[in-house]
2 protein chains.
Amino acid sequence: MTGEMPEKGPLVLLVEDEPQMRRFLRAILQSHGYRLVEAETAAEGIAHATAYNPDLVLLDLGLPDGDGLDVTRRMREWTATPIIVLSARGQESDKIQALDAGADDYLTKPFGGGELLARMRVALRHAARPGGDDAAPIVSFGDIRLDLVRRQVFRGDDEVHLTPNEYKLLTTLAKNAGKVITHRQLLKEVWGPNATNQTHYLRVYMAQLRHKLESDPARPKHFTTEPGVGYRLRTE
Amino acid sequence: MTGEMPEKGPLVLLVEDEPQMRRFLRAILQSHGYRLVEAETAAEGIAHATAYNPDLVLLDLGLPDGDGLDVTRRMREWTATPIIVLSARGQESDKIQALDAGADDYLTKPFGGGELLARMRVALRHAARPGGDDAAPIVSFGDIRLDLVRRQVFRGDDEVHLTPNEYKLLTTLAKNAGKVITHRQLLKEVWGPNATNQTHYLRVYMAQLRHKLESDPARPKHFTTEPGVGYRLRTE
DNA sequence: GCGCGGCCTCAAGAAAGCGTCAAGAACGGG
DNA sequence: CCCGTTCTTGACGCTTTCTTGAGGCCGCGC
């Protein structure tokens, strides 16, 4: 077996008032690895959209407290998150209105779970396209540049080769730059939860990182030791 | 009407064999300012797609000379142009297949002109978003040129023959040039999701690619190994 | 001054991962 | 049905990476 990551799937906001429908969708989504947030009203839908910033919205029209179209329009004022409308109304004019209001797809109830999932994949595919999500994939300190997307480390203009563990250790430090990270945390992150007392690993690997990335490995400027506690990466 | 402006509406490629349906769609599209290119067969569809580089494709499944899904898949090898499938078949499995093959939407005949136009607007809205079109249809590195449209690989002036798996492996690497792609990703992409632990395949096929495309296969400049992680294609 | 705990260094053996070669199986076209 | 191509599988040796241990340094409390 492989010690996989928790594999957190895309976050879906479900806005739907009928309990029965909600149960149906919840079952489908969760069994396919999606994380789920639910709302029962338009107002709650908008509130959750801003609070959770989901990857996708499933929106029922005909909510108790207002038009679902409003939800769509309101969301489109500030986000391009895919919205798939689910509706009992199959009139062409309804579809056109919803789509022009900013919805990305429109399914008429009843629909098959398979089709819904397929259309969700399409929507998520779109959202993944333009490099809109990854904000700052490059961390730098001193003359070191760490490119998290390409998985490359540069020292000046030269690429530095890191082994998998070295890289993982560096990234966990970099992701919490400035903060102290305890031995336990680092070990758990890099070597897994069964190695949280092998502090010797850290000494060896920190030494390697320092040799590869510090100009004076014996007097580290960036990879500093916090005796008895852990290590810290100083990025300025 | 004649005497109009230079008519610079979006260019739509219509791939449809039934003359009746073509007439119907032609009327709708032209009356709404779209420019139109028509194809009657799958082969012609692909040819026109490369020749005209349309803004949107309307694709009928069930063409005389082959599966419409193939057209979708082939196009997705090099372009992200929106594809809306029009089909008489309304089975859920058909929809799922088409959408997963790369289609952006699926309408079952008969459908209303208004809905089609609305869904086209959605598709064009997606395509219009920033970032624009990314995938250059030709990738090159060293003295290698990879033509994604023609599915051809050249080394200098000579064409290099690749087997299907070799080609697929090369393209998945090329589409993420510079980034490390994990063993798992590559295997899933080339051999399907049931082979994600057959890392041995990768060794064999990477060796073959290197032999065909590297000047010194034993010391690869472009197809580099990231031990324990995956492979990377360096394009500079 | 001495002992001790925590840390760093160096290095070697163990383990895992990788590249190579080759043979048999499966496939597809004639 | 046969032949050539492509895919799969296995064995082997090599390289990289991981793990482990021994030794030394330093600061602190006693």
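Every value quoted in this text rests on a predicted model; they were computed, and no experiment measured them. Convention: sequence-line order gives letters A, B, ...; per-chain numbering from 1.
- Within the nucleic acid shown, A:R210 comes within 4.0 Å of sugar-phosphate atoms alone, with no base atom in reach, counting heavy atoms only.
- With a 6.0 Å radius and a threshold of 12 heavy atoms from other residues, nucleotides or ligands, A:D216 has its CG atom above the threshold.
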Would B:R234 and A:E159 satisfy salt bridge (Lys or Arg N to Asp or Glu O under 4.0 Å), going step by step from the backbone distance to the final call?
-> CA-CA 13 Å; B:R234 297 172 186 269; A:E159 182 174 352; 3.0 Å; yes

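- With no hydrogens or angles considered, no side-chain donor-acceptor pair links B:Y231 and B:T224 at under 3.5 Å.
- With values rounded to the nearest 0.5 angstrom, A:K168 atom NZ is found 12.0 Å from A:L186 atom CG.
- Atom C1' of nucleotide C:dA16 and atom CG of B:N197 are separated by 16 Å, given to the nearest angstrom.
- Rounded to whole angstrom, the span from the NZ atom of A:K212 across to the C1' atom of C:dC8 amounts to 17 Å.
- Here C:dC18 presents its P atom at 12 Å from CG of B:L186, a figure rounded to the nearest Å.
- With respect to A:L213, the side-chain contact (heavy atoms from CB on, under 4.5 Å) criterion is satisfied by exactly one of A:L233, A:V160, A:L146: A:V160.
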Show your working on salt bridge (Lys or Arg N to Asp or Glu O under 4.0 Å) between B:E77 and B:R73 and close with a plain yes or no.
-> CA-CA 7 Å; B:E77 289 176 10; B:R73 273 188 280 263; over 6 Å; no

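- Counting to the nearest Å, the C1' atom of D:dT17 and the NE2 atom of A:H211 are 18 Å from each other.
- For B:R203 and C:dC18, the shortest distance from a side-chain N or O to OP1 or OP2 is below 4.0 Å.
- Applying the 4.0 Å criterion to OP1 and OP2 of D:dT6, one finds that B:H161 has a side-chain N or O inside that range.
- In terms of modelled atom types and a separation under 3.5 Å, the side chain of A:H183 and the main chain of A:N197 share no donor-acceptor contact.
- Residue A:R219 contributes atom CZ, which lies 14 Å from atom P of C:dC8 at whole-angstrom precision.
- For B:E189, the CD atom counts as loosely surrounded, since its 6.0 Å shell holds 12 or fewer non-hydrogen atoms of other residues, nucleotides or ligands.
- At whole-Å resolution of the value, CG in B:L209 and P in D:dT6 are 13 Å apart.
- Within 4.0 Å (heavy atoms only), B:T199 reaches no atom of the nucleic acid at all.
- Geometric assessment of A:R210 against the ring of A:F223 yields a negative cation-pi assignment under the 6.0 Å and 45° thresholds.
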For nucleotides 7-13 of chain D, just jot down a letter per nucleotide in 5' to 3' order: B, S or -, based on protein non-hydrogen atoms under 4.0 Å.
-> BBBBB--

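- Spacing between atom CG of A:L202 and atom P of D:dC18 amounts to 13 Å, rounded to whole angstrom units.
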For nucleotides 26-30 of chain C, give me every protein contact, N/O to N/O, under 3.5 Å, one pair per line with atom names.
none

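- Look at CG on A:L169: it is 11 Å from P on D:dC18, rounded to the nearest Å.
- At the heavy-atom level, B:Y167 lies nowhere under 4.0 Å from the strands shown.
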